[in-house]
Amino acid sequence: MRTIETDATVTKDGRLVVEVPPDVPPGQHHVKLMIEEPTDARKDGTTEFLVIHVDSWPDNLSLSREDIYGDEGR
């Protein structure tokens with residue numbers, strides 16, 4: 001048994017078209033198919049990203065190591 005990871009095309013009539021390496025012999029093969037669907041993909045194939053609108057940083061914001069991690073310095 002071997003694993004082949006490749007892209008495939010599904011046609012309008014529901015057929016799966018996939019290319020395999022040339023050393024795979026012709027004939028019937030038992031295959032397992034896993035289709036990964038993006039969790040944030042829309043039906044039109046585009047992706048919608050979460051957009052967060054923020055104002056400017058607070059004037060007194062400190063991102064120094066000491067202020068973030070305390071005296072241990074991590």
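In what follows, residues are counted from 1 in the order of the sequence shown.
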Run the side-chain donor-acceptor check on residues 5-12: report pairs under 3.5 Å with partners two or more places apart or on a different chain.
unit_1	atom_1	unit_2	atom_2	d
Thr11	OG1	Asp13	OD1	2.3
Thr11	OG1	Arg15	N	3.1
Thr11	OG1	Arg15	O	3.3

Side chain to side chain contact (heavy atoms under 4.5 Å, CB included) filter on Leu63, not counting sequence neighbours, yields Leu61, Ile68
Residues 16-32, side-chain donor-acceptor partners within the protein, below 3.5 Å, at least two apart:
unit_1	atom_1	unit_2	atom_2	d
Asp23	OD1	Arg2	NH1	3.3
Asp23	OD2	Arg2	NH1	3.1
His29	NE2	Pro25	O	2.6

